[in-house]
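To start, the structure itself, in structure tokens.
Just so you know, ligand 1 is whichever comes first in the structure, and atom 1 is the first atom listed for that ligand.
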Amino acid sequence: MRRKLIAGNWKMNGGLAANESLLKALMASVEVDVSEPVVSSEVLVCVPALFLAQCAELLAGSKIAVGAQDVSAHKSGAYTGEISSAMLADYACKYVIVGHSERRAYHHETDEVVAQKALQALRLGICPIVCVGETLEQREAGKTFEVVAMQLQAVMDVLDEGALARIVVAYEPVWAIGTGKTATPVMAQEVHAHLRSLLAQRDETVASKLRILYGGSMKPDNAVELMAMPDIDGGLIGGASLNAADFLAIIRAA
Ligand code: 13P
């Protein structure tokens, strides 16, 4: 049985005061709820790098983990503005999102760069959440499976089985991000099952244990149905993770 992971992606939102009140509200409920067996999911917030220190300190000793939204593909050196996996590890980062569609689109990250980022994270024991997903145009052209397969393959190519077992995959259809349009549970399940079958071609045990999250307008009112699907092992949540009541409702749904 795969333990569900509910991960918030704050994107470029937040501020010192807002972060504190959001995290305190989350901790107050999550700490109570985890004593009940129904709330056994892992909870994570992926925050802007500048707030890692603040959030790691606020969340120390709590049931909520902290993660980052990006990491450099390089180990260290002359890469102005970049943040290395070693730096993230210094701030108790357990997870880092790599290859989010916004970074692929606005920062021209290729599948190969995303794979290098996953490698760098794993080198420091940080779990990369590898995002894959098709655009609306690609879906309408019937290319969804092909696109996500290529994105995942690039990462599989650089990882051995031991490393592959330590990643999380997130399926985020680009057309569903921040649009209010969600893939139906059946549509999402189809892609998740396809991703798991690709992983199984490489290693069946790894594939059966690896978590595949869904992301794209996940909200309290669709979370239950999505996460009831056999291959949906949690969510990567943008907008709704900025609101304590909504994020908590999704955690409960898991
Ligand atoms: P929304 O939940 O705002 O659609 O964002 C999804 C996402 O991109 C999470 O990484």
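- Within the 4.0 Å heavy-atom criterion, the part of A176 lying near ligand 1 is the backbone and not the side chain.
- Ring geometry, H192 versus Y171: the interplanar angle exceeds 60°, so the pair is classed perpendicular (tilted spans 30 to 60°).
- Scanning all heavy atoms of the two residues, the minimum distance from A176 to T182 falls at CB-CA, 4.3 Å.
- Counting heavy atoms under 4.0 Å from ligand 1, residue N9 touches it through the side chain alone.
- Shortest contact from atom 9 (C) of ligand 1 to any protein heavy atom: E172 OE2, 2.9 Å.
- Although no hydrogens or angles enter the test, the distance criterion places a donor-acceptor pair under 3.5 Å between the side chain of N222 and the main chain of K219.
- Checking side-chain atoms of R166 against main-chain N and O of L122 turns up a donor-acceptor pair under 3.5 Å.
- Scanning the protein for heavy atoms near atom 5 (O) of ligand 1, the closest one is K11 NZ, 3.3 Å.
- Of the listed residues (G178, A240, G238), the one carrying the non-hydrogen atom nearest atom 4 (O) of ligand 1 is G178.
- When the shell of 6.0 Å around NZ of K143 is examined, it contains 12 or fewer heavy atoms from other residues, nucleotides or ligands.
- Below 3.5 Å of separation, one finds no N or O of T179 facing any N or O of ligand 1.
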Listing, residues 226-233 side-chain donor-acceptor contacts under 3.5 Å, not counting sequence neighbours, or none:
residue, atom, partner, partner atom, Å
D231, OD1, R196, NE, 2.5
D231, OD2, Q189, NE2, 2.7
D233, OD1, R2, NE, 2.9
D233, OD1, R2, NH2, 3.3
D233, OD2, R2, NE, 3.1
D233, OD2, R196, NH2, 2.7
D233, OD2, I212, N, 2.9

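- Remark: ligand 1 atoms within the under-4.0 Å shell around heavy atoms of S217 are 1 (P), 2 (O), 4 (O).
- Numbered from 1 in the order shown, with element, the atoms of ligand 1 that lie under 4.0 Å from a heavy atom of G216 read 4 (O), 6 (C).
- Residue, atom and distance of the protein heavy atom nearest to atom 3 (O) of ligand 1 are G239 N, 2.8 Å.
- Screening Q69, E172, E109 for a side chain to side chain donor-acceptor pair (under 3.5 Å) involving H100 leaves a single residue, E172.
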